[in-house]
Every structure is written in C-alpha cells, then in structure tokens.
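Here is the structure we will look at.
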Amino acid sequence: MAKPQKTAISPTRAENYPDWYQAVIRGADMAENSPVRGCMVIKPWGYAIWERLQGALDRRFKATGHENAYFPLLIPLRFIEKEAAHVEGFAKEMAVVTHHRLTAKDGRLVPDAPLEEPLIIRPTSETIIGEAFSNWVRSYRDLPLLVNQWANVMRWELRPRLFLRTSEFLWQEGHTAHADEKDAREETMRMLEVYREVAEDELAFPVICGEKPEFERFPGAVNTYCIEAMMQDGKALQAGTSHYLGQNFARAANIKYQTEAGDWELCHTTSWGVSTRLIGALIMTHADDNGLKLPPRLAPTQVVILPILREAEDRARVMPFAEELCKAVSAQIFSGEPIRAKVDARDYPAPDKRWEWVRKGVPVILEVGPRDLENRTAAFTRRDRLEEKKAILPDSEIALRIGGFLSDIQGSLLHAARAFRDRRLRADIADLAAFTAAFSGDEDNSFASSLGFVRAPWCGEDATQETLKALKVTIRCLPFDQPKSLGPCVLTGKPAVAEAIFAKAY
RNA sequence: CGGAGUGUAGCUCAGCCUGGUAGAGCACCGUCUUCGGGAGGCGGGGGCCGGAGGUUCGAAUCCUCUCACUCCGACCA
C-alpha cells in the first residue's frame with residue numbers, strides 16, 4: 001500500500017531544490033527532455049503558458065509600434081565574423097552546418113557534400129537582421145525601423161536545465177534602427193519597461209531594473225540593461241535584456257541612411273529579448289511543494305470545474321449543473337477577457353484529477369457533486385490558499401465574485417514574491433568579511449538558507465571580478481535608482497562608482 | 001576538455017561481490033468495491049539486463065573493448 005504523500009511534489013524544496021524544480025515540471029506536465037541533449041519537448045500545458053506570455057508581450061510590442069517579421073534560422077558563417085566582440089561572445093557555443101547531404105556508407109548514413117561556406121544556426125539574429133536592415137534603410141524617412149521576431153535560437157549549452165538553460169530555446173528578439181543615439185536609447189529603455197511591466201503585471205514577480213557592468217554586457221553592445229528576478233533559493237535570474245548597440249552593428253552590416261542634408265550616417269541600433277526562460281522564472285518564483293502556481297492572467301485555464309460522481313446515476317444530474325456553472329463563470333470578465341473555465345469530465349477518480357490541477361497550478365478549482373444540486377452550490381478552492389478549508393458557495397455568488405477572486409490571487413502572488421525578495425535583499429553589508437559571510441552558505445540547500453541579493457557600493461574596477469569569482473558571486477546590475485551619496489566599495493574599500501546588486505545566479 | 005559515476009520494464013531502482021536462464025514499487029490494461037484531500041481487492045500485459053567480443057556446460061552477474069547518459073568544474077538568455 002502506497003503511503004499517502006504529504007506534498008504533491010517530491011522531493012520538497014527544502015529537501016532538494018534542483019530536483020524539486022524538475023519534479024514540478026514533470027508534475028505539471030509542462031516539458032520533458034528530448035533524445036537530443038539540451039533540447040526540450042514543450043508539452044501542451046507548458047506551451048499554452050508560453051502562448052499566454054507571447055500574447056502579453058506581443059500586444060505591448062504592437063502597441064509601441066513594432067511589427068513582426070521572420071528571418072532565417074541559418075546564418076552564413078562570415079556574417080558572425082563581422083563584429084569582433086560578437087564573435088568572441090558566441091563562438092564557443094555555436095552549432096555549425098557543414099553538409100547538405102547524407103550518403104550510405106558501410107550501412108550507415110554519413111554527411112556528404114560539404115558546403116562551400118559553413119552555416120551557423122542562429123544564436124541570436126543581430127547579424128542577419130543587420131544585413132537585411134542595410135537594404136531596407138535608405139533615407140531618414142525610413143527611420144525608426146521597428147521589427148520583432150518570434151523564433152527559436154540555439155546555443156550549444158554544456159549544462160542544460162529545462163526552461164532555464166536549454167540548447168534550443170524559444171524567444172522573441174526585437175531589432176530596431178534609429179537615426180540618432182537619443183532615439184535608440186529611448187527605445188532601449190522603453191522595451192526594458194515593457195519587460196518590467198510584463199514581469200510584474202502578468203508573471204507576478206518583482207524585478208530590479210538596471211544596467212549590466214561592462215564585463216557582463218551582451219557581446220557587441222554599448223550598454224546592456226536588464227531585469228533581474230530573485231528565485232526562491234535566493235539566486236538571481238536574468239529575466240530579460242535590452243541593449244543599446246550604438247553604431248557597432250550598423251558599422252559591421254553597413255546600415256546607413258541619408259540625412260535631410262544629404263549626408264550618409266550610420267544608424268544606431270537596439271536589440272532586446274526574453275525567452276522561454278521566463279517560464280523557469282515563473283516556476284521558481286511561485287511554485288511550492290504541491291507544484292505550479294499560475295498567476296491568473298497567465299493561466300491557460302483559470303477555473304477547473306470538477307464533477308464528483310459517486311453513483312452511476314449522478315452523472316446525468318451533476319454534469320448539466322457543472323456545465324451550467326462553467327458557462328456562468330465563462331461569461332464573466334477578468335482582466336479584459338472572458339474567464340477561461342472548463343469542466344474536467346475525464347473518467348478518472350476525482351481526487352486524482354483534483355491533484356493534477358493542483359500540480360498544474362490552476363488558480364481556482366470548483367467541485368460540484370450530488371450534495372450541491374439542491375442548493376446550487378460548489379466547493380471553492382484557491383490554489384494559492386490550498387491549506388484553507390473549501391468554501392461552499394452558491395453558483396450565483398461564484399459567478400459574481402470569480403473575477404474578484406482571480407484578481408485577488410494575481411495580487412497575492414505578486415505581493416508574496418515581493419515580500420520574499422525584499423526579505424532576502426540585504427543593504428547592510430559594508431565590508432568584504434560581511435560580504436563573504438553573506439555568500440558562504442550551504443550551496444546545495446540555499447532554499448532553506450538566507451541567501452539572497454546584496455545591495456552595496458562598488459568601485460567599478462575589473463580586479464574585483466576575481467574576488468567575486470572566488471565566491472561564485474556576480475554583479476547582476478547597477479540599479480537605476482542610485483542614492484545621492486555612496487559609501488566605500490564593499491569589496492575593496494575604495495571610492496565607489498555606483499551601488500550594485502550582487503548575487504549568485506542561474 | 002578535466003574529475004566522479006551510471007546504463008536491467010514507460011519511470012525509480014534491486015539483483016552483480018559469491019555465474020544457474022528476470023524481480024519490486026509506481027504507471028498501464030481488465031474487473032469489482034470506490035470517487036467532496038489524493039482508494040483498495042483480484043487478475044493481466046510488458047524487458048535481445050546499452051552494444052561487441054571473450055572466459056564458461058551455462059553470463060545481467062567475471063574479463064576486454066566500445067557507445068551513451070548523468071553529476072561536479074571552466075562558459076552562458
């Protein structure tokens with residue numbers, strides 16, 4: 001006889017955080033590993049979440065004047081060679097296509113017909129989009145050029161983890177060209193703000209906006225800005241980046257425009273992206289020992305109605321009521337859209353189905369059984385308050401209040417994530433000894449520790465990288481909101497140039 | 001590419017030391033009792049024991065080679 005588990009996910013976060021993360025993905029049926037190492041199969045539930053995220057982002061891209069386009073997966077090798085820093089940054093993780101035919105040899109298929117010039121599978125598309133832009137831009141009247149693409153990219157990762165770091169991943173990459181620096185810089189910040197908004201309003205987790213120090217920049221960028229989130233084990237996760245590329249890529253790809261005066265000028269370009277990694281962030285922010293917890297705005301299904309069928313004849317009586325309740329809930333509006341509700345009529349035991357939806361993170365579960373028919377009631381459960389006793393509510397009240405409940409869950413998740421982040425953000429570390437102590441906790445079990453972000457002044461010197469490396473700590477960003485006066489550098493005691501967010505990171 | 005380890009049922013693994021012809025739990029299928037906090041009984045299907053070679057009357061087990069994967073390190077959305 002199987003012992004009933006206390007939690008739906010095993011191991012728990014406290015027992016083994018990395019294994020817990022994998023178990024949540026398996027338990028929610030979101031994704032699995034593929035035969036190709038580093039690549040993942042995104043299953044319908046995981047992909048539905050990605051589609052919701054895509055929608056939230058795409059709406060905002062369109063609202064800020066961008067258009068979608070699609071550029072090729074394969075890029076000529078020489079393109080990537082054009083920008084020196086870019087080459088250096090990506091060369092080590094490139095998938096290269098060298099042949100265009102297979103031929104049978106000794107009973108096996110072997111590559112045949114080498115390409116004259118090898119092709120790389122895009123790790124990002126700056127170079128090939130730059131090439132296109134150089135043809136598209138002629139006059140100052142063509143600018144700004146605002147393009148986004150939804151695509152897959154490939155970076156040959158040696159240590160993959162589902163959603164967080166896979167060799168192939170899905171993302172969007174925005175690419176824009178502008179007449180002058182000011183316009184391009186405004187674009188860079190505008191899109192970072194879009195990311196902040198999506199993180200907080202849709203994904204329901206707070207982020208710190210700031211700039212990356214020079215050695216953490218995107219290869220080839222003049223400035224890299226980011227949103228940084230804190231996971232439940234106190235580690236940082238870069239959730240989105242926006243780059244001001246200056247004229248570096250314009251120079252490499254020859255993106256020039258003619259000014260009103262008739263002179264030729266190089267464009268200023270930007271690029272910005274977020275990926276399926278956000279789903280990893282979503283998991284590690286909100287999920288608990290019973291599985292995923294979805295913010296209602298992002299949930300593919302917001303309300304599941306579970307018929308409880310004890311006797312054979314219950315079906316005929318309960319199902320119509322369940323359908324009616326579903327219809328009433330679906331007629332309600334939350335966040336500008338009809339509420340996404342469904343009846344789970346599958347022929348599995350109700351408790352099994354209930355726990356499946358718990359693991360999948362559906363915000364609200366309504367159970368309707370024979371006992372509910374007379375008074376037209378349902379048992380109401382909130383995923384974020386699983387420990388509470390189920391409330392028995394009349395169907396009219398559910399319809400009336402369901403939007404409010406979802407809104408409340410959305411708010412609660414953000415509030416809880418913000419409270420956690422703030423609790424683990426230390427601003428009281430003043431010297432190297434305290435700094436070292438703050439980051440010397442148990443590496444394997446940081447969920448249960450107090451590991452988190454340290455916010456402290458930094459001198460900006462390259463040499464501090466060595467100190468940080470030894471502690472496996474990185475500078476996540478220099479936050480935009482800087483104090484008027486700075487104390488000495490927490491690492492060296494020298495005069496500081498800015499306050500930085502220090503953290504261990506994914 | 002360094003260091004460690006693992007390949008046996010869909011999944012997690014036992015069996016290997018001390019060779020004797022394949023096991024458990026979960027999952028799956030059938031059936032009866034179940035179904036509102038995650039059920040139980042009975043029956044059933046499923047494995048060239050990663051691959052090749054060797055030792056042996058006999059190999060999942062011992063030996064050699066090989067392939068693959070996992071974890072840890074250097075690099076990263």
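Below, read A as the first sequence line, B as the second, and so on, with proteins coming before strands; counting in each chain starts at 1. All of these numbers come straight from a predicted model, not from anything done at the bench.
- In this structure, A/Thr241 reaches neither bases nor backbone, as no heavy-atom distance under 4.0 Å exists between it and the strands shown.
- Nucleotide B/C16 forms a pair with no other nucleotide shown, judged by Watson-Crick or G-U wobble geometry with both contacts under 3.5 Å.
- Between A/Arg159 and the phosphate of B/G73, there is a side-chain N or O to OP1/OP2 separation shorter than 4.0 Å.
- Using the six-membered ring where Trp is involved, A/His86 and A/Phe90 have ring planes that are perpendicular, over 60° apart on the 30 and 60° scheme.
- The same atom, P, is picked in B/G3 and in B/A77; the two are 28 Å apart, to the nearest Å.
- Of the candidates B/G38, B/A77, B/C69, B/C69 carries the atom nearest the A/Arg37 side chain, counting heavy atoms from C-beta on.
- When each of A/Phe61, A/Tyr244, A/Phe218 is checked for a ring-ring contact (aromatic ring centres under 6.0 Å, His included) with A/Trp272, only A/Phe61 meets the rule.
- For A/Leu386, the side-chain atoms get nearest to B/G37 when compared with the rest of B/C35, B/G37, B/A77.
- When both pairing distances are held under 3.5 Å, B/G37 makes no Watson-Crick or G-U pair with any nucleotide shown.
- Annotation: B/A9 and B/U66 have their C1' atoms spaced 25 Å apart (nearest Å).
- Comparing B/A60 with B/U56, their C1' atoms sit 16 Å apart, to the nearest whole Å.
- Of the side-chain N and O atoms in A/Lys390, one or more sit less than 4.0 angstrom from OP1 or OP2 of B/G37.
- When the P atom is compared between B/A27 and B/G73, the two are found 35 Å apart, to the nearest whole Å.
- One atom, CD of A/Glu388, and another, P of B/G37, lie 15 Å apart when rounded to the nearest Å.
- As a whole-Å value, the separation of A/Leu158 CG from B/C71 C1' is 14 Å.
- Between A/Gly240 and A/Ile308, the residue anchored closer to the 5' end of RNA chain B is A/Ile308, taking for each the nucleotide with the nearest heavy atom.
- Taking atom P on both nucleotides, B/U12 is separated from B/A52 by 23 Å, rounded to a whole Å.
- Electrostatic pairing of A/Lys327 and A/Glu324 does not count as a salt bridge here, judged by no charged N lying under 4.0 Å from a carboxylate O.
- Checking the phosphate oxygens (OP1, OP2) of B/G73, no side-chain nitrogen or oxygen of A/Lys469 falls inside 4.0 Å.
- In this structure, B/C49 makes no Watson-Crick or G-U wobble pair, since no nucleotide meets both defining distances under 3.5 angstrom.
- The separation between A/Leu162 atom CG and B/A77 atom P is 19 Å, rounded to whole Å.
- Both tests hold for A/Lys360 against A/Trp357: distance to the six-membered ring centre under 6.0 Å, angle to the ring axis within 45°.
- Taking a centre distance below 5.5 Å and an interplanar angle below 30 degrees as the stacking criterion, A/Trp355 does not stack against the six-membered base ring of B/G37.
- Relative to the side chain of A/Glu157, the nucleotides B/A77, B/C35, B/C69 differ in distance, and B/A77 lies closest.
- The separation between A/Arg354 atom CZ and B/A39 atom P is 12 Å, rounded to whole Å.
- Only the C1' atoms considered, B/U31 is 45 Å distant from B/C67, to the nearest whole Å.
- Both tests hold for A/Arg155 against A/Trp171: distance to the six-membered ring centre under 6.0 Å, angle to the ring axis within 45°.
- A/Gly369 comes within 4.0 angstrom of a base, heavy atoms only.
- A salt bridge links A/Glu32 and A/Lys43; the closest N-O separation between the charged side-chain nitrogens and carboxylate oxygens is under 4.0 Å.
- Rounding to whole angstrom units, CG of residue A/Leu53 and P of B/A77 are separated by 19 Å.
- When rounded to the nearest whole Å, the span between NZ of A/Lys43 and P of B/G10 equals 16 Å.
- Both distances falling under 3.5 Å, in either a Watson-Crick or a G-U wobble arrangement, place B/G30 opposite B/C42.
- Summarising the base pairing, B/U21 is matched to no nucleotide, lacking a Watson-Crick or G-U wobble pair whose two defining distances lie under 3.5 Å.
- In this structure, A/Asn16 atom CG and B/C71 atom P are separated by 12 Å, rounded to whole Å.
- A cation-pi arrangement is absent between A/Arg122 and A/Phe71 under the rule of less than 6.0 angstrom and at most 45 degrees off the ring axis.
- Figure legend. B/U6 is base-paired to B/A68; pairs are counted as Watson-Crick or G-U wobble with both atom distances under 3.5 Å.
- Across all strands shown, A/Phe169 has heavy atoms under 4.0 Å from base atoms, whether or not it also approaches the sugar-phosphate.
- Residue A/Thr166 has its side chain nearest to B/A77 when only B/A77, B/G38, B/C75 are considered.
- In this structure, of B/C35, B/G73, B/G37, it is B/C35 that holds the atom nearest to the side chain of A/Ala350.
- A/Leu164 comes within 4.0 angstrom of a base, heavy atoms only.
- Both distances falling under 3.5 Å, in either a Watson-Crick or a G-U wobble arrangement, place B/C1 opposite B/G73.
- Atom P of nucleotide B/C1 and atom CD of A/Glu93 are separated by 18 Å, given to the nearest angstrom.
- Partner assigned to B/U55 is none, using Watson-Crick or G-U wobble distances below 3.5 angstrom.
- The phosphate of B/C75 (OP1 or OP2) has no side-chain N or O of A/Arg155 nearer than 4.0 angstrom.
- If you check every strand for non-hydrogen atoms under 4.0 Å, A/Asp314 touches nothing.
- Using a 4.0 Å heavy-atom criterion, one finds that A/Leu306 contacts no nucleic acid atom at all.
- Using a 4.0 Å cut-off between a side-chain N of Lys or Arg and a carboxylate O of Asp or Glu, A/Asp288 and A/Arg13 do not qualify as a salt bridge.
- Using atom C1' as the reference point in both B/U18 and B/C42, the two lie 38 Å apart (nearest Å).
- Enclosure of atom OH in A/Tyr348 is not indicated, since only 12 or fewer non-hydrogen atoms of other residues, nucleotides or ligands lie within 6.0 angstrom.
- In this structure, the nucleotide among B/G38, B/A77, B/C35 sitting nearest to the side chain of A/Ser275 is B/A77.
- Between B/U70 and B/C29, the two C1' atoms lie 33 Å apart (nearest whole Å).
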